[in-house]
2 protein chains.
Amino acid sequence: MTAALTIKQVAEKTALSVHTLRYYERCGLIASVDRASNGHRRYSADDIRWIKFLNRLRLTGMPIRQMQQYAKLVRQYPDAAFGDRRQLLENHRETVTRQIHQLQENLAVVDWKIQHYSELEDKLNEHSKINS
Amino acid sequence: MTAALTIKQVAEKTALSVHTLRYYERCGLIASVDRASNGHRRYSADDIRWIKFLNRLRLTGMPIRQMQQYAKLVRQYPDAAFGDRRQLLENHRETVTRQIHQLQENLAVVDWKIQHYSELEDKLNEHSKINS
DNA sequence: GCTTGACTTAGAGTGCGCTCTAACTTTTAA
DNA sequence: TTAAAAGTTAGAGCGCACTCTAAGTCAAGC
């Protein structure tokens, strides 16, 4: 068996704060974490896997609302609703893919500007050479 | 000469709201827009180019604070400080590039999960075929 | 003359995702 | 035994980037 972890240990493992872990639990993203006899949370290996995946979703910009939907599906039908879950993730993938494209597109314009500044700098340098 | 545009027209052209345009002006991102005799804003072609570039920065996630720095450089030294401006944009480019990489990395995990769900669905389908 | 609609300002409100506080209990180490 | 560290809850607060409201001005068309 694997040792159950305290909230602080999970915070370190997942790079979320203890505040955020409690917040996620409060708003239904993490369900029913075991408690020690003193009421302290004890996280299982499964909990940690789940939290890490949740965090992947967050880091791709999925809103909490949508994560709640996903979490609900997983909780209600642990061994089913794979189609619905997949659909939700695929929609999200599409969103993120579009977002990445737009980032790249906008970044290209910034690149262009950087290039432009480089050329202006070069011109200034040449000018100062001539005048020296 | 090009016709000066009203705030509403600029909102349409830039896909920002009139509220946002005033907000950007208030916080120093857009400086000194001309006014008609009645006090209404009249935007020049240059203003619009500037606003569009600002928006590129925003769409790549640059914080307002940093845009303010950049705007300040441009305003204080319209024909100089190219090095500083370039540096600022290059730092930002680096940030965005890293962000894109991380998005792709996290998205790969989501993809993996989608794949996993597909396989589970397939198994369920086979099972129902056998049992039918 | 009067309505409609676009504009102005200062400042308040909103939604998101945390992040922190207060007041309290429990555990651990000196 | 006692101080420090870590846990608990409910609920308040924060930072960001808008977004909207209220109260007013102004110009054009009926």
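In the text below, chain A, chain B and the rest are named by the order of the sequence lines, each starting its count at 1.
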Quick one: is [N] close enough that its OP1 or OP2 comes under 4.0 Å of any side-chain N or O from [X]?
X        : N       : value
Tyr24(A) : dC18(C) : yes
Thr6(A)  : dG7(D)  : yes
Arg41(B) : dT8(C)  : yes

>> Whether the side chain of Thr20(B) engages the backbone of Leu16(B) through a donor-acceptor N/O pair (distance < 3.5 Å, no angle test) should be reported.
In response: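 No, Thr20(B) side chain to Leu16(B) backbone: no donor-acceptor pair under 3.5 Å.
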Considering only [options], which nucleotide approaches the side chain of [X] most closely?
X        : options                  : answer
Thr20(B) : dC18(D), dA6(C), dG7(D)  : dC18(D)
Ile64(A) : dC7(C), dC18(C), dC18(D) : dC18(C)
Pro63(B) : dA17(D), dT8(C), dT19(D) : dA17(D)
Ile7(A)  : dT19(C), dG7(D), dC18(D) : dG7(D)
Tyr23(B) : dT8(C), dG7(D), dA17(D)  : dA17(D)
Arg35(B) : dC18(D), dT8(C), dC18(C) : dT8(C)
Arg58(B) : dA17(D), dC20(C), dA6(D) : dA17(D)

If I take atom [atom1] in residue [X] and atom [atom2] in nucleotide [N], what distance separates them, rounded to the nearest angstrom?
X        : N       : atom1 : atom2 : result
Gln68(A) : dC18(C) : CD    : C1'   : 14 Å
Met62(A) : dG17(C) : CE    : P     : 11 Å
Asp34(B) : dT8(C)  : CG    : C1'   : 16 Å
Gln66(B) : dG15(D) : CD    : C1'   : 16 Å
Ile30(B) : dC18(D) : CD1   : C1'   : 14 Å
Leu21(B) : dT9(C)  : CG    : C1'   : 16 Å
Leu57(B) : dC18(D) : CG    : P     : 12 Å
Arg42(B) : dC26(D) : CZ    : P     : 14 Å

>> If you assign each of Arg26(A) and Gly39(A) to its closest nucleotide in DNA chain D, which residue comes earlier from the 5' end?
In response: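 Comparing both residues, the 5'-ward one is Gly39(A).
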>> On DNA chain D, does the nearest nucleotide to Leu16(B) precede the nearest nucleotide to His40(B) from the 5' side, or the other way round? Give the residue.
In response: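 Closer to the 5' end of DNA chain D: Leu16(B).
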>> Quick check on DNA chain C: between Asn38(A) and His19(A), whose nearest nucleotide comes earlier from the 5' end?
In response: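 That would be His19(A).
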> Touch check for Arg22(A), heavy atoms < 4.0 angstrom, all strands: base, sugar-phosphate only, or nothing?
Replying inline: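 Base, at least one base heavy atom under 4.0 Å.
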> Is the closest basic N to carboxylate O distance between Arg41(A) and Asp34(A) below 4.0 Å?
Replying inline: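 Between Asp34(A) and Arg41(A) there is no salt bridge, as every charged N stays at least 4.0 Å from the carboxylate O atoms.
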>> Apply salt bridge (charged side-chain N to carboxylate O under 4.0 Å, His left out) to residues Lys123(B) and Glu119(B) and explain how you reach the verdict.
In response: CA-CA 6 Å; Lys123(B) 268 183 200 160; Glu119(B) 283 164 19; over 6 Å; no
> Is a side-chain donor-acceptor pair under 3.5 Å present for Gln115(A) with Asp111(A)?
Replying inline: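 No, because no side-chain N or O of Asp111(A) sits under 3.5 Å from a partner of the opposite role on Gln115(A).
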>> Can you classify the ring geometry of Tyr70(B) versus Phe53(B) as parallel (below 30°), tilted (30 to 60°) or perpendicular (above 60°)?
In response: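 Answer is tilted, since the angle falls between 30° and 60°.
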>> So Arg58(A) and Tyr24(A), do their side chains get closer than 4.5 Å, heavy atoms only?
In response: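 With C-beta onward as the side chain, the pair touches.
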